[in-house]
Amino acid sequence: MPPVADSFDLGEPVQPAKPEAYRVLARKYRPQTFAQLIGQDAMVTTLGNAIARDRLAHAFLMTGVRGVGKTSTARLIAKALNCIGPDGQGGPTIDPCGVCEPCRAIAEGRHIDVIEMDAASHTGVDDVREIIDASRYAAVSARFKIYIVDEVHMLSKNAFNALLKTLEEPPAHVKFLFATTEVNKVPITVLSRCQRFDLRRIPADKLAKHFAEVCEKEGVVAEPEALALIARAAEGSARDGLSILDQAIAHAGLEGGGVTADAVRQMLGLSDRGAVRDLFAMLLAGDSAGALGSLRRQYDYGVDPVAVLRALLETVHGVTLSKVGGTDDPAQAVEERAARTDWAARLSFPALHRLWQLLLKGHDEVAHAALPIEAAEMALLRVIHASSLPDPGELARRLAGAPDAAPAPAPAAPSPPPASTMPADFAALVDALDEGGQLALAARLRHGARLVRYAPPEIVFSGSRPIATDTLAELAAALKGMTKQVWKLSLDDVPGEPTLNERQLAADAAERQAMLDTPLVRAALAAFPDAELEWPNQRSSA
């Protein structure tokens, strides 16, 4: 009789299926073909031509900032060189098939002839000696034996020296692919033995488009503005952007609302672009209370004061680029572009440069301040009130005690015009200054000032022929004393009208020519060839 225990043998218990480990987006969407490598068209074209013409270098060096595809490019080159095609008869190609055994093995990181080494953890000469010794042997199953060395700048000096001879004359079956973020640390002796590719930062609009495609494949709804914010925060790095997108998707949760711009701003601690535009407008308008209130509201929402100053710096930079005719950022909102265009038309280059310097100084102060929000408030107040401060050159002259340190106050004119009377035009204004005893000031304006707009109590002069700051200050004081009103004087970067002196000389020349063209004068000069026409304040030959 069989043992009783045998009748109760139920076999192995059923094991629960193990869930597949989650792969982050940066790994899941690593480019598998050169067509998927975004933003590096020039490099792909060069490699394609080299492969087509069988002019392959024995060593390649990929350099660029983090996350632009250096290691991915090295693996793609390895696939391109070792691809044998679906039928097993193919040769090197810029479009590897991705289905043959070499392509699949390289993509999965298990190909015996494609060796990857992290130079950050293998820095010594012994590690390089292993590569040198192994490179003498032919590839086991691939067309080329390929060594991919990441962060190659971390190799020691002795390791680089040991590699030089093999790198210069490697066996025909060996290719070296180096990647680095700090190419300046790679010895020139190594650089001269490699074909170098500088991988560019990926433009924000291309990153945003790529992120939109990823969201579509993942079944995630995302606002275009949210993707644009992530693309700008990535600073040209696809890996950084995908990591931020991964976080944004997790931040959105399971409510089904998708990735929103407000959520991304909150997650990254970014200032709302509309709030930044409003704050910048308040700075330009001199609205101290409004500017401080706007800053506090953003601070209460969790925005870092440094981020606010950084956003204001980006705004000044964008306005300046718009003023010089720079191309618009496609990832920008329409409202942002319209506001920058308007500010560019109203602000002069000197004003923008001064804004940049003040905000840059404020940014540095806030970044190192013990009280960041208080430091940010003081920085904004300094921007608002800086226009009332004396010019540095004028201040230096005052401290030195120079005779012309301060603008001379307008002396009492013999018969000053009433407070409500304004000179009809700029020429009349200069004449009034002359009659009021401001002879030197009137002379400087008559010979050096190019007028853009005269709209009392505002005057805009051309910045193409700058007027000294002390002259503007002296003119403002004189006009206030003469008209009992505060005048607004500014510069604009446009040519402007001729100076009053140039107009007078042109009028005199035209009048003299008209006199020379009269029949009587022509007849007199014809009869007396050596005669000259004398003109007031000048003596010119006929």
Side-chain angles (χ1 to χ4, degrees), residues 323-324 344-354 387 390-394 397 402-411 413-417 421-483 485-517 533-541:
K323 190 171 183 65
V324 299
R346 293 194 286 117
L347 294 173
S348 65
F349 281 115
L352 288 169
H353 294 328
R354 191 167 191 178
S387 58
D391 178 81
E394 177 187 346
R397 285 192 293 272
D404 59 345
S415 45
T421 302
M422 292 289 185
D425 54 26
F426 183 62
L429 181 144
V430 175
D431 290 341
L433 290 173
D434 212 344
E435 294 170 3
Q438 298 281 353
L439 304 180
L441 176 59
R444 292 200 297 273
L445 295 175
R446 189 172 281 111
H447 288 80
R450 296 186 183 276
L451 186 68
V452 174
R453 184 171 69 254
Y454 179 78
E458 180 184 1
I459 307 177
V460 180
F461 296 104
S462 171
S464 61
R465 185 171 179 174
I467 301 176
T469 304
D470 53 353
T471 298
L472 289 180
E474 186 177 350
L475 176 59
L479 291 177
K480 183 176 180 180
M482 186 171 67
T483 64
Q485 292 194 33
V486 176
W487 287 62
K488 181 181 178 181
L489 309 178
S490 61
L491 299 176
D492 194 1
D493 292 302
V494 295
E497 301 174 1
T499 65
L500 294 177
N501 185 62
E502 290 171 344
R503 281 191 271 177
Q504 184 61 48
L505 292 176
D508 290 344
E511 187 178 353
R512 181 176 181 277
Q513 188 60 45
M515 182 64 71
L516 289 172
D517 291 340
L533 177 64
E534 292 191 1
W535 202 253
N537 301 325
Q538 67 177 15
R539 183 180 179 87
S540 302
S541 307

- Can you find a heavy atom in the side chain of Val460 that is under 4.5 Å from one in the side chain of Leu491? no
- Mind checking whether Trp487 and Met482 have side chains closer than 4.5 Å, heavy atoms only? no
- With no hydrogens and no angle check, is any side-chain donor or acceptor of Lys323 less than 3.5 Å from a backbone partner on Leu347? yes
- Item | Approximate separation, where rounding is to 0.5 Å, of Asp517 CG and Arg512 CZ | 10.5 Å
- Using modelled atom types only, decide if a donor and an acceptor are shared between the side chain of Ser462 and the backbone of Pro495 within a distance under 3.5 Å. yes
- Item | Shortest non-hydrogen separation from Pro423 to Pro456 and the atoms involved | O-CG, 4.3 Å
- Message: With side-chain contact (heavy atoms from CB on, under 4.5 Å) as the criterion, how do Leu500 and Gln504 come out once you've worked through the C-alpha distance, each side chain's angles and the decisive distance to 0.1 Å?
- Response: CA-CA 6 Å; Leu500 294 177; Gln504 184 61 48; over 6 Å; no
- Task: Grab the two heavy atoms, one from Ser348 and one from Asp492, that are nearest each other, plus how far apart they are.
- Result: CB-CA, 4.3 Å
- Item | Leu429 side, atom CG; Leu475 side, atom CG - distance, nearest 0.5 Å | 6.5 Å
- Does Asp431 reach the side chain of Arg446, with side-chain heavy atoms less than 4.5 Å apart? yes
- Message: If you compare all heavy atoms of Ala424 against all heavy atoms of Tyr454, which two are closest, and at what distance to 0.1 Å?
- Response: O-CE2, 3.8 Å
- First locate atom CZ of Arg503, then atom CZ of Phe426, and finally report the distance between them rounded to the nearest 0.5 Å. 8.0 Å
- Message: Rounded to the nearest 0.5 Å, what separates atom CZ in Arg444 from atom CD in Glu474?
- Response: 4.5 Å
- Task: May I ask you to decide if Thr499's main-chain N or O and Glu502's side chain share a donor-acceptor pair within less than 3.5 Å?
- Result: yes
- Item | From CG (Leu445) to CG (Asn501), nearest 0.5 Å | 12.5 Å
